[in-house]
Asker: 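One structure follows; several queries about it will come next.
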Amino acid sequence: MSSLSVHRVASALVLLLLTALGLSPSHAFAQVLEPAPAEWGEIPESLLDLDAHPRDENAAAIIVSDVGETEMQRSGKLILSRATRVKILTNAGVEEHGTVEIPLHEFESVRDIEAHTVVRRPDGSIQRIELEKDDVYEEEITDERHSVTFTMPALTPGAVIEYRYEVLSDDVLSLPSWNFQSSAPTVYSSYAVQVPPGIHHTYDVQGKPSFVVDEEDTVLGSFGRETKRRWVVENVPALRPEPFISSVEDFRQRIRFQIKGISLGGYEPILPTWDALADELLDHRMFGKQLERYDDVEEATLKATSEATTDADKIEAVHAFLARSLRWDGTDRVLAEEDLDDVLSRASGSRAEINLLLCSMLRFAGLNAHPVLIGTRSYGRPSSIMPFVRQFNSVVVAVKADMDYRLIDATDPFLSSDLIPEETLNLIGWIVHENQRWFKVRPPGMDARKSLVRATLTEDGTINASVQIQHRAYAAAASRESLSRAEPAEWLTQAVLAPGAEVQKASVEGRDTPAEALTAKATTTLPAYAQVSGARMYVHPRITDRLEKNPFSAEERRLTIDFPYPETETYTLTLAVPDGYKVDELPENKAVRLGENDAIFQRITSATPTGISMQIRFTRRALRFDPSVYDRLRSFYQEMIDMQNEPIILRRITATSGDASSP
């Protein structure tokens, strides 16, 4: 009997047993997807018939098996062999997993790509469609990086795909890293490294994987007795982006390696120290050497700081000059690609180029400034364990002011010099200096908002109001960015005021001065804003910066909640009620608190002789919340929204013509 027939009989017996027990086929997940390395080409029919992951209703695909092994050959190549099997469940799974991209460095290449798609035809038969060689494409991304890509053939939901290949590397001392976790749930993931005697590596494990196998053996390899280390994890949940995180890469279950030393007669350490890495970077032509004298840079510095008298004035002047004069091209990297005088004349550059130029100009101005390497929030947080550059992807600057260093970045024209972009707020950075050290990257400011609304309500529910908005720090930067694409009235209508608002007059101060607060004033009308029902009128008290939806909508949370900066907000409303109405119900004074001092929301209301006064205050100081407190955080935000939505209820106290209702 063929292996396919055996699988068909086994599948039928499993389904028969489940039916006898009164269970649905989805309960057979453990049997259908027993964690084990997949045998190439031997795909059980039960896997083809599986239509959902029983413990992850959002799964678009399942990584059934992902097996990799790296070893060194006598040819002088390091070879990574990889074989992967994926069950496609939905069209989203087709989009996400149907195209395979193999990222490569300039010293790497791919060989022996094999792949096929296995599907069940409408008549119940099984078809295997092989990948054609002409469907494999190689693309050059940069001078240092390229990729090989192929799209699986005849792909539809329900299909199973398999692919395998080998990556050859000339860098025999750099073992490839391995991700045990992906955006799809993974049933089985295994990685092994085999190295010749005398070569020693250290490794870093992230994400706390639960290894079912973590073993080391001595095996016979290309260079005699070699050391083989193998790690296996099973049933790894999917890793998907969630609101308010730095980067999913900070949480991914993975392992990374770094060469430590070589024993050839005697031990020779290779693992660089942070001091050695700092020396190397400071001596690099496109990094430290760029901070040496360029006449054009010195001339620009003298011109920018001609009226500055204090260190603080010089910092502000240099920052303002670069933020206004140079355009960030949207890229992050560690090394400059052009000399700084060329960057200055081109008036655009990467974050590294602009900030290295910032560092150079601050030094020309007589200030103590040094480049700082960071991993941006989307790239992932660096680690101090292993000193290698590739864990960083960008550069900011540390400048000494008032006896201590602070960070500065000149890539955002809407930020003041005392703020750095949100993307760079990723906890830690590394100062590249002879006395190198790690630097805590703390948010230097808040998202601060104030709204003052003086409004009059008419009998038909229309509100006429004068509004004054003041934004500071990160809130002001975001508003300036929006105002660069819209006029004040349009910005207020789209981003600030309640839906349906009509702006008659609007003005903005501080639009082009990032060091100051941004203040907007407007007169506005909200037609039929309040709901009139019989003798009562229901008024939503919040007409600016209304939070409509809880940002934490998921039932559960797996990843740490990470806000880039604190926030504070004050909303003040005075509302004059129409003649013939009085306050019937007023939202009570109330405060809700999260933790001891993590966040607080307060509402204070009172009735005046002519109407209502209300003040809402919200402050969140904490930046990071463990998933264990997610339910409390979610409930806090929901209660805050519910409180803001509680209406002011007015009651008519004088009858109008034709009114048959009584108060």
Side-chain angles (χ1 to χ4, degrees), residues 241-247 250-251 377 381 418-428 440-453 469-479 495-496 498 517-518 540-573 587-605 613-647:
E242 294 181 336
F244 301 104
I245 62 170
S246 51
S247 168
D250 292 334
F251 304 93
R377 289 177 68 85
R381 193 170 297 128
D418 58 344
L419 300 176
I420 60 176
E422 176 179 333
E423 179 69 357
T424 65
L425 294 171
N426 204 15
L427 288 185
I428 57 173
K440 290 185 178 179
V441 182
R442 296 186 177 94
M446 304 181 78
D447 182 295
R449 303 168 185 264
K450 286 185 179 179
S451 298
L452 177 61
V453 179
I469 311 292
Q470 187 181 80
H471 290 174
R472 292 184 178 275
Y474 286 103
S479 297
V496 178
L518 182 138
H540 193 302
R542 193 71 193 255
I543 70 170
T544 67
D545 293 316
R546 184 189 298 179
L547 185 61
E548 300 280 1
K549 183 181 178 183
N550 192 335
F552 303 102
S553 58
E555 291 292 332
E556 60 181 22
R557 177 87 180 201
R558 290 178 176 170
L559 308 182
T560 300
I561 299 96
D562 187 320
F563 293 96
Y565 36 70
E567 59 181 317
T568 182
E569 181 182 16
T570 301
Y571 173 82
T572 303
L573 168 71
E588 64 179 343
N589 295 343
K590 189 176 180 181
V592 291
R593 186 181 295 272
L594 181 63
E596 286 294 322
N597 203 30
D598 292 339
I600 186 170
F601 180 81
Q602 297 172 294
R603 180 184 61 200
I604 303 171
T605 60
S613 174
M614 177 180 289
Q615 187 171 79
I616 293 173
R617 296 176 181 173
F618 166 63
T619 300
R620 178 189 47 76
R621 294 181 178 87
L623 299 180
R624 293 170 63 81
F625 294 88
D626 190 81
S628 63
V629 302
Y630 175 70
D631 287 343
R632 279 179 281 164
L633 179 68
R634 184 185 182 207
S635 297
F636 172 84
Y637 271 85
Q638 190 56 54
E639 189 165 5
M640 183 169 69
I641 292 171
D642 293 343
M643 286 173 63
Q644 290 188 96
N645 287 336
E646 286 184 46

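Note that the numbering runs from 1 along the sequence shown for the chain.
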Asker: Could you please spell out the steps behind the side chain to side chain contact (heavy atoms under 4.5 Å, CB included) verdict for T544 and I469?
Answerer: CA-CA 9 Å; T544 67; I469 311 292; 4.1 Å; yes

Asker: Listed by chain and number, what are the salt bridge (charged side-chain N to carboxylate O under 4.0 Å, His left out) partners of E567, not counting sequence neighbours?
Answerer: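 Listed in chain order: R620.
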
Asker: Test: salt bridge (charged side-chain N to carboxylate O under 4.0 Å, His left out). Region: residues 626-638. Which pairs qualify, not counting sequence neighbours?
Answerer: E555-R634

Asker: Just jot down the salt bridge (charged side-chain N to carboxylate O under 4.0 Å, His left out) partners of E588, sequence neighbours excluded, or say none.
Answerer: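 By the salt bridge (charged side-chain N to carboxylate O under 4.0 Å, His left out) rule, E588 matches no residue at all.
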
Asker: As a quick check of understanding, evaluate side chain to side chain contact (heavy atoms under 4.5 Å, CB included) for I245 and R557, giving each step before the final call.
Answerer: CA-CA 11 Å; I245 62 170; R557 177 87 180 201; 3.1 Å; yes

Asker: Where do I641 and K549 come nearest, in terms of heavy atoms and distance?
Answerer: CD1-C, 3.5 Å

Asker: Suppose we screen for salt bridge (charged side-chain N to carboxylate O under 4.0 Å, His left out). Which residues come up paired with D562, at least two apart in sequence or across chains?
Answerer: R377, R381, R624

Asker: Who are the side-chain contact (heavy atoms from CB on, under 4.5 Å) partners of P647, not counting sequence neighbours?
Answerer: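 Listed in chain order: Y538, I649.
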
Asker: Could you go step by step and tell me if R546 and H540 meet the side chain to side chain contact (heavy atoms under 4.5 Å, CB included) rule?
Answerer: CA-CA 10 Å; R546 184 189 298 179; H540 193 302; 3.4 Å; yes

Asker: Does any pair with a residue in residues 589-602 pass salt bridge (charged side-chain N to carboxylate O under 4.0 Å, His left out), and if so which ones, sequence neighbours excluded?
Answerer: K590-E639

Asker: Going by the rule ring-ring contact (aromatic ring centres under 6.0 Å, His included), which residues pair with F636 if we only count those two or more places apart in sequence or in a different chain?
Answerer: none

Asker: Check side-chain contact (heavy atoms from CB on, under 4.5 Å) between P421 and all other residues, then give those that pass, not counting sequence neighbours.
Answerer: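 By the side-chain contact (heavy atoms from CB on, under 4.5 Å) rule, P421 matches R351, D409, T411, D412, L415, T424.
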
Asker: Holding to side-chain contact (heavy atoms from CB on, under 4.5 Å), I want the full list of residues that pass it with V441, two or more places apart in sequence or in another chain.
Answerer: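 V441 satisfies side-chain contact (heavy atoms from CB on, under 4.5 Å) with L407, I420, L425 once adjacent residues are dropped.
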
Asker: I need the minimum non-hydrogen distance between R449 and A475, along with the two atoms involved.
Answerer: CG-CB, 3.8 Å

Asker: Using only atom types and a distance under 3.5 Å, with no angle test, would you say the side chain of E242 pairs donor to acceptor with the backbone of L559?
Answerer: yes

Asker: Tell me, yes or no, whether the heavy-atom count around R617 atom CZ, taken from other residues, nucleotides or ligands under 6.0 Å, exceeds 12.
Answerer: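 No - once you tally the heavy atoms of other residues, nucleotides and ligands closer than 6.0 Å, there are 12 at most.
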
Asker: With sequence neighbours left out, write down each residue that passes side-chain contact (heavy atoms from CB on, under 4.5 Å) with Q470, or none if nothing qualifies.
Answerer: K450, R472, A517, T519

Asker: Between R621 and N597, does the side-chain hydrogen bond (donor to acceptor under 3.5 Å, both in side chains) criterion hold? Intermediate values first, please.
Answerer: CA-CA 7 Å; R621 294 181 178 87; N597 203 30; 3.1 Å; yes

Asker: Could you verify whether a donor N or O on one side chain and an acceptor N or O on the other, from E422 and Y565, lie under 3.5 Å apart?
Answerer: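 Side chains of E422 and Y565: pair found under 3.5 Å.
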
Asker: I'd like to know if the side chain of Y630 reaches the main chain of T560, judged simply by a donor and an acceptor atom lying under 3.5 Å from each other, with no hydrogens or angles considered.
Answerer: no

Asker: Could you tell me which residues satisfy ring-ring contact (aromatic ring centres under 6.0 Å, His included) with F244, sequence neighbours excluded, listed by chain and number?
Answerer: F552, F563

Asker: Salt bridge (charged side-chain N to carboxylate O under 4.0 Å, His left out) with E569: which residues, sequence neighbours excluded?
Answerer: R542

